[in-house]
Chemist: 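Below is the structure I would like to discuss, written out as structure tokens.
Per chain, numbering begins at 1; letters A, B, ... match sequence-line order. Just the heavy atoms: all of them, side chains too, but no hydrogens, waters or symmetry mates, feed the values below.
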There are 2 protein chains.
Amino acid sequence: MNQINRVAIVGGTHGNEFTGAYLIQKFAQFPDLITRQSFETVTLLANPNAFVAGRRYVEKDLNRCFLKQDLQDPTLNSYEELQAKSIQHTLVSNREQQADFILDLHSSTANMGLTIILVNSHPLNLKLAAYLSQINPLVRVYRCSFKSIEENPFVNSLCELGFAIEVGPIAQGLLNARLFQQTEELVYAILNYLEQFNQNGIPSTNETLILYDHLSVVDYPKQPDGKIFGMIHPELQDKDYQALNPGYPMFITFEDKTIYYEGASTVWPIFINEAAYYEKGIAMCFTQRQQINI
Amino acid sequence: MNQINRVAIVGGTHGNEFTGAYLIQKFAQFPDLITRQSFETVTLLANPNAFVAGRRYVEKDLNRCFLKQDLQDPTLNSYEELQAKSIQHTLVSNREQQADFILDLHSSTANMGLTIILVNSHPLNLKLAAYLSQINPLVRVYRCSFKSIEENPFVNSLCELGFAIEVGPIAQGLLNARLFQQTEELVYAILNYLEQFNQNGIPSTNETLILYDHLSVVDYPKQPDGKIFGMIHPELQDKDYQALNPGYPMFITFEDKTIYYEGASTVWPIFINEAAYYEKGIAMCFTQRQQINI
């Protein structure tokens, strides 16, 4: 890839994540903000029905509908499954409008700061992530790799270049002005970087990058009937990206008993207390912090 | 009222306000926690279908279904309208199980602290509110009076004694351990106070109470087509119960222009940026702060 011709900015993939959805509407109204000389920028409100309803999705989580086999399966026809196929057509299949870089804007109730979610280790994605984390200390880089692109169910599986941005903490269904503006600035920084890339002049950055690599997910404490009996411990709440050492508090039960982290080694939890993950059985994701050379 | 015989604790009136819903489940599992010698305590998960769905409501906001005329209207038969009638039957019509005091547990994405929402000025409600605000500095007292009980659409219209509790800030669809515990402590303080009332020994309190009286609601800045074009200003975000003076920033538009408060006198906004109120056209509620003698 020597030249990026088209960048797609996607928002409202989850209809109750307003930051991205309203940014998309702003960019659509004022396209000059995202226009750069060397490439075209398009915007996409990915799940309009869910956005109108103020819900994450109508029938099925859209950001789990992009498995290659599902996109090719003609029997899948829920609203979001059809929407995923339509998005694939718009951003991939139609050669004349094909996106070379996809930025998918999300928000989280967890204290994610400005997180970049890498789904592969393409050198340009890594360099861009390093650049962004260098110019803004709120930026964190989480890598959630898949064995193959076929196993990646996210919007970002459609394109090798690009990533999702996950900002927080913010409740679902509302706008926070400061986070809106920080996300907007991050989008501009990314577009400016890609503009420089096209002009053979990407900014020099540190040669190292702090990456948080996905390890595993952890569920809430549950009774045999599936009912939750504990919450994120107050000492862990909002501590995303901080070291969780063996013996540290992790949950507190409704009866005030503390449940400790009993793993053998330090982990770095993220997505702590994400509202949308209660139904997925995820209280947090464990990651491994590492510094890599790029 | 010389004797309170039955107290009803209601939670999950809004299905995505987990603090109350899970407290109800805890109390139902461990009834000793809410048992007091001089009265019976019952619990009610008010909107079980919405709780299972993780949504505020299924068809209609349950906490707007308690207008007297609606409860008597046999043509109203949405899930929540039927649920309201069923709750009225359980807590009011059935003389043998009639509740003398109703506590309805809510949560908010706004920085409401531990707010008591009075819907009338019954002396016992005022005294109890004064007591609670005296023992816990996080307690605030908001009074949203109705011209007549017939015009009150809330669960608390069913009973002269009692009030709603609105805790926050907390996102919808999740549990925050600290807020869960603070709400639980507040419930126990209320039950203990009522127990003392029955035994003719209510604690002496300050003879004054700071009340925030409802004035009006304020909508987001909107285009003629109804689309929002601004957000709560960062300087107003989380400033619930703080004085908003003429000329102070109130909103910031998506184009970074500040909209100032242009009223003639100071107000005290609450419910600032409550997610559930976007669809109701409410960005915040203005209140008037006053000190009253009780």
Chemist: Quick one: which residues of residues 225-244 of chain A reach chain B at under 4.5 angstrom, heavy atoms only?
Modeler: Lys227(A), Ile228(A), Met231(A), Ile232(A), Pro234(A), Gln237(A)
Chemist: Where on Tyr220(B) is there a heavy atom nearer than 4.5 Å to chain A: the side chain, the backbone, both, or neither?
Modeler: neither
Chemist: Quick check on the structure: residues of residues 247-259 of chain B within a heavy-atom distance below 4.5 Å of chain A, by number.
Modeler: Ile252(B), Phe254(B), Glu255(B), Asp256(B)
Chemist: So does Gln223(A) have more than 12 non-hydrogen atoms from other groups sitting under 6.0 Å from CD?
Modeler: yes
Chemist: Does anything in residues 168-183 of chain A reach chain B? List residues with heavy atoms under 4.5 Å apart, or say none.
Modeler: Ala171(A), Gln172(A), Gly173(A), Leu174(A), Leu175(A), Asn176(A), Ala177(A), Arg178(A), Phe180(A), Gln181(A)
Chemist: Could you list which of residues 267-275 of chain A have a heavy atom closer than 4.5 Å to any heavy atom of chain B, in residue-number order?
Modeler: Asn273(A), Ala275(A)
